[in-house]
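Naming convention: chains lettered A, B, ... in sequence-line order (proteins, then strands); numbering from 1 in each chain. Worth knowing before you read on, the calculation uses all heavy atoms, side chains too, and leaves out hydrogens, waters and symmetry mates.
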Protein chains: 2
Amino acid sequence: MEIKLVKNILEANEVIASENRRLFREKGIYVVNLMGSPGAGKTTLLERTLENLGDKKRIGVIEGDIATSRDAQRIAHYAIPTVQINTGGACHLDGNMVRGGIEELDLDQIDLLIVENVGNLVCPAEFTIGENNKVMIISVPEGDDKPEKYPLMFQVSSLLLLNKIDLLPYLDFDMERFRRDALKVNPKLEIMAVSCKSGEGLDNWFRWIEQRAGRADG
Amino acid sequence: MEIKLVKNILEANEVIASENRRLFREKGIYVVNLMGSPGAGKTTLLERTLENLGDKKRIGVIEGDIATSRDAQRIAHYAIPTVQINTGGACHLDGNMVRGGIEELDLDQIDLLIVENVGNLVCPAEFTIGENNKVMIISVPEGDDKPEKYPLMFQVSSLLLLNKIDLLPYLDFDMERFRRDALKVNPKLEIMAVSCKSGEGLDNWFRWIEQRAGRADG
């Protein structure tokens, strides 16, 4: 019965997410759902992205957090339209929360919407919000054994950013094993190794997102 | 309506968890519910603990994982009674899953039961399993801003192990800010800084758990 219940919740979410998707398409907005564990580097990636693409694209941000607006405060000085969603304890964003969020944005002024999900490697993967692509970020200190242990997140993502590669010298992280296991779970997954701290590898990410956001314009 | 539903699920869980708790007390078993993000160091802490206390206490382990038995395999060579629970996608252990797990253990042969929860800083905090204490482990690379952003986990835990302090020289982690914020969320929280890699600080943890497991004997 609990399983059936979960199925109903997911189906109801899918309906609302489809409406979001239709609206985004109509407005020509490319939407990224950015997911990862607490501390993987979601907000820092967002900061680097706003610094690099802020002049080239009209960007909007939705910040999903359980309890604070700390991440929204961090990016406030970029002068980008930002909406904070507090989930009030819930461990993920869903289509309905995002629908509430976009009501507060002027969608005619946005080409690229980045949604930073709640820090969690599990639950956000289950809920589509109407995004074009799910992007996951995972950091080297989390360990190279994560693809097998948390497969859904890897399965639903189009792109994986492996962050904090500046810490590789201090950790036992088997890059080959990680790549192999991630691709076993999702053979189509694109993988980029980056450091949001040093900037290494981020150009690939900027190019990736810029191309896609461009496409939504046309 | 969704909120009411969640309330019912949590209440049903509380009933089963209470039965677990009664059984643990009857058998004189001290139970720790070990929680933290993916990669925080739960399994490594468990390994260090089995190495240090394995001769002194009769330990049992329940391994909660979404999809694999990799953690259970890691600790298999310690020859400790171990039960693997695969949650089948669920983001936390609950009282009912643990009840299923303990049916496979000889409780008369165990003084200390360590339950390693699913890697997740959010959901496991909501579900009691009948434990004596919730212990959370968080690692330095996750960042010093987590107490405010994920308050429930800090609120429900008796002890916080701050792991991977060997990485402090390579990261911007404000220890004082972290402690202050954690204690603001939960003034009773005990905090220990440790490195499961170098062993630094672990003696405090071994003493903490040994004293409590001892108490359950008497």
What residue in [options] has the most heavy-atom pairs under 4.5 Å with chain B?
options	answer
A:Leu167, A:Leu121, A:Asn120	A:Asn120
A:Lys197, A:Lys164, A:Lys149	A:Lys149
A:Asp172, A:Ile138, A:Val140, A:Asp71	A:Asp71

Who among B:Gly88, B:Gly119, B:Cys123 has the most heavy-atom pairs with chain A under 4.5 Å?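 Of the candidates given, the most pairs with chain A belong to B:Gly119.
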Checking heavy atoms, do the side chain of [X], its backbone, both or neither come under 4.5 Å from chain A?
X	value
B:Leu171	both
B:Pro151	side chain
B:Asp145	both

Does B:Glu200, at its CD atom, have more than 12 non-hydrogen atoms belonging to other residues, nucleotides or ligands within less than 6.0 Å?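 No, not enclosed.
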Should we count CD of B:Glu51 as having more than 12 external heavy atoms under 6.0 Å?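 Yes, CD of B:Glu51 has more than 12 neighbouring heavy atoms, counting only those of other groups under 6.0 Å.
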Taking all heavy atoms of [X] and all of [Y], pick out the closest pair and write down the distance.
X	Y	answer
A:Lys146	B:Gly39	CE-N, 3.3 Å
B:Val122	A:Gly89	CG1-O, 4.0 Å
B:Glu148	A:Ala67	O-CB, 3.9 Å

Do A:Pro141 and B:Ser139 come within less than 4.5 Å of each other through their side chains, counting heavy atoms only?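 A side-chain contact under 4.5 Å is absent here.
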